[in-house]
Asker: 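I have a structure I would like to understand better, so I am pasting it below and will then ask my questions one at a time.
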Amino acid sequence: VNVEAPLCSQLQPTQKIGPNMRSDPSCASILAEAGFTVAGLANNHAMDFGPEGLNQTINNILRANMTPVGAGVDLQSAQKPTILKCGTATVAIIAACEREFGIANELNPGVAPADIISLLEQLEWSRDNADLVFITLHAGIEMFPLPPPALRRLCRYLVTKGADGVFC
């Protein structure tokens, strides 16, 4: 599931263009009760309440026995694919976001960027460690029903490079 709004207590919102979204921390357990086991955090609202909001979100997801993917304390942790068992198959999930507000770097928390080199490196590692690889990209144009041509090309390219599915 894509967790679009931080699951955190009331904190001071960050200054940015656009709305700051936040959901009650108890939403993590509701998502887990609904059957979700992985929470994608690679989106443009993950850092709406700064590093502390992201940290609370990750901790709330972990407490609900779900696995966060696509965000972390630094770029390396944000880009780490999640591996899980689904029956007899091992599945890797990669989550990334278009370069907007909240992208992680080597020293700061945030979300994984959807840059082609990083995605290909994660895909190669995932192909070596899982039977199936799925990529989620938080990308596209809001309120427009079709993905832009460049995004469609990127998704198709990732499939030709070994992704079993790409979701936007």
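From a predicted model like this one, the values you see are computed outputs, not experimental measurements.
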Asker: In sequence, state the C-alpha distance, the side-chain angles, and the governing distance for L84 and I93, and then conclude on side-chain contact (heavy atoms from CB on, under 4.5 Å).
Answerer: CA-CA 8 Å; L84 57 135; I93 299 174; 3.7 Å; yes

Asker: Under a 4.5 Å side-chain heavy-atom rule over Ile, Leu, Val, Met, Phe, Trp and Tyr, are Y157 and V159 clustered together?
Answerer: yes

Asker: Less than 4.5 Å apart, side chain to side chain, heavy atoms only: is that true for C155 and L137?
Answerer: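 Of all side-chain heavy-atom pairs linking L137 with C155, at least one is under 4.5 Å.
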
Asker: Please examine the side chains of F134 and V91, heavy atoms only from C-beta on, and report whether any two atoms are closer than 4.5 Å.
Answerer: yes

Asker: Using a 6.0 Å cut-off, check whether atom CD1 of I117 has over 12 heavy atoms from anything other than its own residue.
Answerer: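 Check fails, neighbour count at 12 or below.
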
Asker: Quick one: side chains of residues 36-53, donor-acceptor pairs under 3.5 Å with protein atoms, not counting sequence neighbours, listed by atom name and distance.
Answerer:
residue : atom : partner : partner atom : Å
N43     : OD1  : H45     : N            : 2.9
N43     : OD1  : A46     : N            : 3.1
N43     : ND2  : N2      : OD1          : 3.2
N43     : ND2  : V3      : O            : 2.8
N44     : OD1  : H138    : NE2          : 2.9
H45     : ND1  : D48     : OD2          : 2.6
D48     : OD1  : K16     : NZ           : 3.2
D48     : OD2  : M21     : N            : 2.7
E52     : OE2  : Q56     : NE2          : 3.1

Asker: Would you check if the side chain of S23 reaches a backbone N or O of L7 as a donor-acceptor pair within less than 3.5 Å?
Answerer: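 Absent.
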
Asker: Just grab all the salt bridge (Lys or Arg N to Asp or Glu O under 4.0 Å) pairs involving residues 149-168, residues at least two apart or on different chains.
Answerer: R127-D164

Asker: Just list the side-chain donor-acceptor pairs under 3.5 Å for residues 70-79, sequence neighbours left out, or say none.
Answerer:
residue : atom : partner : partner atom : Å
D74     : OD1  : Q76     : N            : 3.3
D74     : OD1  : S77     : N            : 2.9
D74     : OD1  : S77     : OG           : 3.1
S77     : OG   : V73     : N            : 3.0
S77     : OG   : D74     : N            : 3.2
S77     : OG   : D74     : O            : 3.0
Q79     : NE2  : S118    : OG           : 3.1

Asker: Measuring only between side-chain heavy atoms, which start at C-beta, is W125 closer than 4.5 Å to L120?
Answerer: no

Asker: If you define the side chain from C-beta out and look only at heavy atoms, does anything of L158 sit under 4.5 Å from I116?
Answerer: yes

Asker: Look up atom CG in L132 and atom CD1 in I83, then write down how far apart they are to the nearest 0.5 Å.
Answerer: 10.5 Å

Asker: When rounded to the nearest 0.5 angstrom, what is the spacing between CG in N60 and CG in N55?
Answerer: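 CG of N55 is found 9.5 Å from CG of N60.
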
Asker: Kindly indicate whether the side chain of N59, heavy atoms from C-beta on, has any atom under 4.5 Å from the side chain of I61.
Answerer: no

Asker: What distance separates R63 CZ from S26 OG, expressed to the nearest 0.5 Å?
Answerer: 12.0 Å

Asker: Within the 4.5 Å heavy-atom criterion, are C168 and P147 side-chain neighbours or not?
Answerer: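 Contact flag for C168/P147 side chains = no.
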
Asker: Taking the side chain as C-beta and beyond, is there a heavy-atom pair between L151 and P149 under 4.5 Å?
Answerer: no

Asker: I'd like to know whether I94 forms a side-chain contact (heavy atoms from CB on, under 4.5 Å) with V133, so could you lay out the CA-CA distance, the side-chain angles of the two residues, the decisive distance to 0.1 Å, and finally the verdict.
Answerer: CA-CA 8 Å; I94 299 166; V133 180; 4.0 Å; yes

Asker: Answer whether the closest heavy-atom distance between the side chains of L62 and P68 falls below 4.5 Å.
Answerer: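 SC-SC contact between L62 and P68 confirmed.
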
Asker: I'd like to know if M66 and I30 are part of one continuous hydrophobic network [Ile/Leu/Val/Met/Phe/Trp/Tyr, side-chain heavy atoms within less than 4.5 Å].
Answerer: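 No: no chain of side-chain contacts under 4.5 Å links I30 to M66.
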
Asker: Enter the distance from D24:CG to R22:CZ here, rounded to the nearest 0.5 Å.
Answerer: 7.5 Å

Asker: Would you name the heavy atoms of C97 and I103 that are closest together and state the gap between them?
Answerer: O-CD1, 4.1 Å

